[in-house]
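The structure under discussion appears below in the form of structure tokens.
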Amino acid sequence: MAAAGEGTPSSRGPRRDPPRRPPRDGYGVYVYPNSFFRYEGEWKAGRKHGHGKLLFKDGSYYEGAFVDGEITGEGRRHWAWSGDTFSGQFVLGEPQGYGVMEYKAGGCYEGEVSHGMREGHGFLVDRDGQVYQGSFHDNKRHGPGQMLFKNGDKYDGDWVRDRRQGHGVLRGADGSTYEGQWHSDVFSGLGSMAHCSGVTYYGLWINGHPAEQATRIVILGPEVMEVAQGSPFSVNVQLLQDHGEIAKTRGHTPHCPGACQRVEQGCAEFTDVLLGPPPPGYHPFLFLDSLHKKAGGRSRGGLHPRGTPPTAQEPPGGSRPEGRATEEQAAAAHLGEYVLTIRDVTTPPFLGRRLPPAFKHLRVVAKRAGQPPHVLEEGPEASSSWQAAHSCTPEPPAPR
């Protein structure tokens with residue numbers, strides 16, 4: 001009978017064999033004591049050496065070269081938790097040198113790496129198909145590089161931690177080109193843009209917008225412009241900022257349809273403007289001062305449809321003056337009130353934004369001998385002085 005306290009083999013539990021030692025040399029398979037690692041491949045002096053495959057319990061693996069037990073040399077590493085795979089050079093278990101990283105989320109990277117991160121020169125395709133070729137630091141685009149965006153834009157310039165910063169050139173898919181300074185991925189600093197609409201801008205940019213960006217159009221002149229019927233006249237237009245200053249560097253239009261003969265930064269002059277008759281079936285409210293003063297009232301301006309439009313000389317009462325309208329008068333705008341409109345028709349809009357239209361009250365009056373095109377209520381002398389004061393004469397350009 002066994003002595004008290006002396007157990008039997010069955011009562012001591014299952015007998016465990018000591019862990020197997022890894023193979024000494026040659027080819028062999030070894031499961032580590034923690035059972036998380038399993039290696040099969042070449043051995044030398046009891047260490048992994050040569051070509052082999054190290055498998056992890058979570059499904060990750062490395063297959064490639066080993067040196068004195070360490071992952072070093074050419075190989076392929078797969079991470080189960082992320083689904084990413086790297087093929088290339090390794091040093092002490094980490095991607096180091098040159099290789100290709102394939103991302104499960106989409107895209108790939110080919111180039112230089114350090115401690116498993118993009119470092120140096122490389123070629124990156126992201127999940128959206130955008131392509132970057134250039135310098136990397138700490139896994140981010142950093143330094144000079146070129147980027148092709150999914151919308152077709154192309155950028156060539158400086159980067160700081162995945163953002164465009166420094167000097168660079170952006171060639172838009174729409175044909176626009178910007179060259180200048182960047183900060184935090186937007187235009188910032190001195191730069192020039194040749195917009196696809198034909199508008200150009202050179203100057204200071206702040207947060208992606210011109211520092212002197214125009215916000216409204218203004219038609220210069222008195223509140224009511226009086227123009228002699230059939231006579232050409234000029235219209236001066238300015239682009240103003242929020243605080244009322246002329247947007248001198250907002251841009252300029254290379255050409256102007258119609259009568260526009262001179263365009264400067266922030267200012268345009270439309271010369272030899274001639275009003276034609278209104279469309280068939282319409283005529284303006286008449287505004288003949290002499291007749292209305294005699295009648296003790298004044299009509300309001302506007303175009304009204306009529307079955308048969310009156311002639312240019314027809315007064316409000318409907319009776320016609322003596323004589324027939326000359327060919328010159330018939331081809332001119334009818335006497336009365338009009339609204340002159342200046343619109344921003346830049347196509348496409350500059351930086352995606354159009355300026356609101358500007359309006360001016362225009363009155364067409366009967367032409368008198370020796371009368372200047374602009375007839376102001378103060379008389380011809382005021383007309384001449386107004387034109388001189390509001391001429392669209394540019395100031396000398398500021399030094400760049």
Following the transitive rule for hydrophobic clusters with a side-chain heavy-atom cut-off under 4.5 Å over Ile, Leu, Val, Met, Phe, Trp and Tyr, establish whether [X] and [Y] coincide in one cluster.
X      : Y      : value
Phe136 : Val125 : no
Phe36  : Phe66  : yes
Tyr103 : Val100 : no
Ile71  : Val31  : no
Val364 : Ile342 : yes

Return yes if some donor-acceptor pair links the side-chain N/O of [X] with the main-chain N/O of [Y] below 3.5 Å, else return no.
X      : Y      : answer
Gln130 : Lys150 : yes
Gln165 : Trp159 : no
Lys367 : Val227 : no
Trp43  : His49  : no
Asp185 : Arg164 : yes
Asn139 : Arg118 : yes
Asp153 : Ala173 : yes
Ser82  : Ala80  : no
Trp182 : Asp158 : no
Arg363 : Glu226 : no

Is there a side-chain contact between [X] and [Y], using heavy atoms and a 4.5 Å cut-off?
X      : Y      : answer
Met117 : Glu119 : no
Leu240 : Glu245 : no
Tyr30  : Pro23  : yes
His195 : Ser176 : yes
Ser188 : Trp205 : no
Leu355 : Leu239 : yes
Val169 : Tyr178 : no
Leu362 : Val339 : no

So does [X] have more than 12 non-hydrogen atoms from other groups sitting under 6.0 Å from [atom1]?
X      : atom1 : answer
His183 : NE2   : no
Arg354 : CZ    : yes
Asn151 : CG    : yes

Between [Y] and [X], does any NZ, NE, NH1 or NH2 come within less than 4.0 Å of an OD or OE carboxylate oxygen?
X      : Y      : value
Asp162 : Arg141 : yes
Lys44  : Asp68  : no
Arg38  : Glu40  : yes

What heavy-atom pair brings [X] and [Y] nearest, and what distance separates the two atoms?
X      : Y      : answer
Ile219 : Leu340 : CD1-O, 4.0 Å
Tyr98  : Glu112 : CD1-N, 4.1 Å
Arg161 : Asp138 : NH1-OD2, 3.8 Å
Gly59  : His78  : O-CD2, 4.1 Å
Tyr32  : Lys48  : OH-NZ, 2.8 Å
Tyr62  : Glu74  : OH-O, 3.5 Å

Side chain to side chain contact (heavy atoms under 4.5 Å, CB included) between Cys108 and Met101: does it pass, once the steps are laid out?
-> CA-CA 6 Å; Cys108 65; Met101 179 74 79; over 6 Å; no

Step by step, work out the side chain to side chain contact (heavy atoms under 4.5 Å, CB included) result for Gln238 and Cys267.
-> CA-CA 5 Å; Gln238 285 184 348; Cys267 188; 4.3 Å; yes

Enter the distance from [X]:[atom1] to [Y]:[atom2] here, rounded to the nearest 0.5 Å.
X      : Y      : atom1 : atom2 : result
Arg77  : Ser60  : CZ    : OG    : 5.5 Å
Arg76  : Phe90  : CZ    : CZ    : 9.5 Å
Leu124 : Gln133 : CG    : CD    : 11.0 Å
Asp174 : Ser197 : CG    : OG    : 9.0 Å
Glu179 : Asp156 : CD    : CG    : 10.0 Å
Thr346 : Leu351 : OG1   : CG    : 10.5 Å

Test side chain to side chain contact (heavy atoms under 4.5 Å, CB included) on Leu170 and Phe187 and set out the steps.
-> CA-CA 10 Å; Leu170 177 67; Phe187 312 146; 4.2 Å; yes

Can Arg171 be said to sit on top of Tyr155's aromatic six-ring, NZ or CZ under 6.0 Å from centre and within 45° of the ring axis?
->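 Judged by the rule, Arg171 and Tyr155 form no cation-pi pair.
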
Does the cation-pi check pass for Lys53 over Tyr61, that is, NZ or CZ under 6.0 Å from the six-membered ring centre and within 45° of its axis?
->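 Geometry flag: set, cation within 6.0 Å and 45°.
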
After noting the C-alpha distance and the side-chain angles of Phe233 and Leu275, does the key distance pass the side chain to side chain contact (heavy atoms under 4.5 Å, CB included) rule?
-> CA-CA 9 Å; Phe233 60 97; Leu275 296 180; 3.9 Å; yes

State whether a side-chain donor-acceptor pair under 3.5 Å links Tyr109 with Glu102.
->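 Glu102 and Tyr109 do not have a side-chain donor-acceptor pair below 3.5 Å.
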
Modelled atom types, side-chain donor and acceptor of His115 and Glu94, under 3.5 Å |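 The criterion, which ignores hydrogens and geometry beyond distance, is satisfied for Glu94 and His115.
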
Taking the six-membered ring for Trp, are His137 and His142 parallel (under 30°), tilted (30 to 60°) or perpendicular (over 60°)?
->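 The rings of His137 and His142 sit tilted, inter-plane angle from 30° to 60°.
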
Look at the aromatic rings of Phe350 and Tyr201 and report parallel, tilted or perpendicular, splitting at 30° and 60°.
->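 The arrangement is tilted - the two ring planes meet at 30° to 60°.
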
